[in-house]
Each structure stands twice: as structure tokens, then as C-alpha cells.
Protein chains: 2
Amino acid sequence: MPATKKKLEDRAAVIKALGHPSRLLIAESLMKGEMCVCDLKDLVGADMSTVSKHLTLMREAGVLNCEKRGLNIYYSLACDCLGDFLRCVDRLACGGKKTTCC
Amino acid sequence: MPATKKKLEDRAAVIKALGHPSRLLIAESLMKGEMCVCDLKDLVGADMSTVSKHLTLMREAGVLNCEKRGLNIYYSLACDCLGDFLRCVDRLACGGKKTTCC
DNA sequence: CATCTATTTGGCGAAATAGCCAAATAAAGC
DNA sequence: GCTTTATTTGGCTATTTCGCCAAATAGATG
């Protein structure tokens, strides 16, 4: 059966959660291990509130988990399949743009 | 080395090209084989110009190839790794949203 | 050449997204 | 309990994205 509208939207939300340069950078960095918001703020170089909103969006899409320890909140990837995911993205990105059709 | 800004943007563009319900539906359908624009228009159920713009965006991101035969233009996936990609997305989407952190 | 068909392009208004600031919250330590 | 530190939330503006319509383009066919 064709995916329901809701299912399509949920999947699109997952993908959208990774389809932004800052969020992609965050995801790539988290492949090496969890990080707290202030570390990610330094990494991304944006306002902490902006980073926090990116993280919330990614968490709500199901891409990230988080855990509070002491004063910090540590974010981590929800799934280790992101490696393959990003490898595929790289292959496609390297394919280069086809600017015209025929 | 950390991915350059340009590289991040290119990859984000690839991901964004899949991060929309209609475009995701298109990509999933193309896994079964190429389709022309008017077929995809029926599939998506939007204006042909809207579908065409989705397709152009996906092609420019490097996700789709296209080929003209007769009056029709046939679109196809640029990479067969999309299967794994979507499997990963499914796993993440099924994980369910974590609405609160701790 | 005139016409028909498939597709793309331009333009516009509506909706969603991004990023900053300031304020609110929550837990830790004195 | 007050202060400090880490993070989130609310609000605002600017930018981007979406989807329709109408017009333009490109071949195919008569």
C-alpha cells in the first residue's frame, strides 16, 4: 500500500530535521559521541537559543535523544544508521548537479 | 577535518530535496522504476507546475536523473542507495517523538 | 506551418522556517 | 533563600518555501 499521508509527513519531518547545514553539522558531530548544548553552540557558532531550537526540532522528529546530568543536557543520536544515511547523501551530493535535463 | 560550509550546504540540499511529503512520495515511487511528469502529477495530486518544480529541485540537488523520450520526460533515481536511506528514516520515524527531555 | 501535448518558467500571496534578543525556568552551590 | 549556570520559550522580523495560475517553450504530428 502507498504510505499514508501521516506516515509521509512523519518521515519527511525526520529528513527535514537533518536538512539544514547547522543540524547536519550537529548530527555529524554527535556520531562521535554525545555533546551538551553549550558545546554544540560553540561548534555551530550561533546563538544558544537558535541551537536549542534546532535540537528541539531534531528531538521531536525522533533523530536525537537527550539526558540531563547536572546542569547540562547531553544530546545524542537516536540511531546509529545515520552513518549509512550520510554516506548515501555524500554519494548523491558528489554526483554533482544536473543543471539541465536533456 | 570538519566539513566545509559549502559541503554542508550541498549535503543539506540533497537531504532537503527528500524532506517534503510530496518529494518523498515521488522518490519512493521511483524506486520501482522511472516515471514521467504526468504520472507523477497523478500520483502526488498537485498541479503539474508544482510537481515540475519539485522535480527540478530534486534534479538540481543530484537526487534525480531525467531523460526525454518522445513528448515525455522520464525521471529516475540517481542512486540506488536511497533504499537504505529510507529504511533508516523509517526506523527513526517509528521511534516516536520524545516530546519532553528528561 | 499550425496545432496539440508535455513540461517548464515567472509571478504572486500565503505559510513555514531561521535567527536574534529578552525573559522564563530549572537545578546547583553557597 | 539568593545567585549562578545551562537551557528553553516567547516574540519579533526577515527570508525561504509552497502551490496555484497564466504564459512560455519544445517537440511531435498533421
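Only this structure's heavy atoms are used, side chains among them; waters, hydrogens and symmetry mates stay out. First the proteins, then the strands, lettered A, B, ... as listed; each starts at 1.
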Can you pull every protein N or O that's under 3.5 Å from an N or O on nucleotides 28-30 of chain D?
none

Separation of dT8(D) P from Leu64(A) CG (nearest whole Å): 11 Å
Distance in angstrom units between Leu24(B) CG and dC18(D) P, rounded: 13 Å
Residue Asp47(B), side-chain atoms from C-beta onward, closest of dC21(D), dG19(D), dA18(C): dC21(D)
Interatomic distance where CG belongs to Leu40(B) and C1' belongs to dA6(C) [whole Å]: 13 Å
Nucleotide dT7(D), atom P - distance to NZ of Lys53(A) in whole Å: 16 Å
Arg59(B) to Tyr75(B), cation-pi by 6.0 Å centre distance and 45° axis angle: no
Any Thr50(A) side-chain N or O less than 4.0 Å from OP1/OP2 of dA18(C): no
Same cluster (ILVMFWY, side-chain, under 4.5 Å), Leu43(A) and Val37(A): yes
Atom-to-atom span, CD1 of Ile26(A) to P of dA18(C) - whole angstrom: 11 Å
Short side-chain N/O contact from Asn72(A) to OP1 or OP2 of dT7(D), under 4.0 Å: yes
Touch class at under 4.0 angstrom, heavy-atom based, for Ser49(A) against every strand present: base
Nearest-Å distance for atom pair CE/P, residues Met48(A) and dG10(D): 18 Å
Separation of SG atoms, Cys79(B) and Cys88(A), below 2.5 Å: no
Derivation and outcome, side chain to side chain contact (heavy atoms under 4.5 Å, CB included), residues Val89(A) and Arg11(B): CA-CA 6 Å; Val89(A) 169; Arg11(B) 288 187 220 169; 3.7 Å; yes
Shared hydrophobic cluster for Leu55(A) and Val44(A) (ILVMFWY, side-chain gaps under 4.5 Å): yes
Touch class at under 4.0 angstrom, heavy-atom based, for Lys16(B) against every strand present: sugar-phosphate
Residue pair Val51(B) / Lys41(B): nearest heavy atoms and the distance that separates them: CG2-CA, 3.9 Å
Short side-chain N/O contact from His54(B) to OP1 or OP2 of dG19(D), under 4.0 Å: yes
Partner residues of Leu86(B) under the side chain to side chain contact (heavy atoms under 4.5 Å, CB included) criterion, sequence neighbours left out: Leu24(B), Glu28(B), Met31(B)
Phosphate contact (dA6(D) OP1 or OP2) by Tyr75(A) side-chain N/O below 4.0 Å: no
Between dA16(C) (C1') and His20(A) (NE2): distance, integer Å: 13 Å
Selection from dA18(C), dT9(C), dA6(C) that lies nearest to any side-chain heavy atom of Thr56(B): dT9(C)
Tyr74(A) OH - dT5(D) C1' separation (whole Å): 13 Å
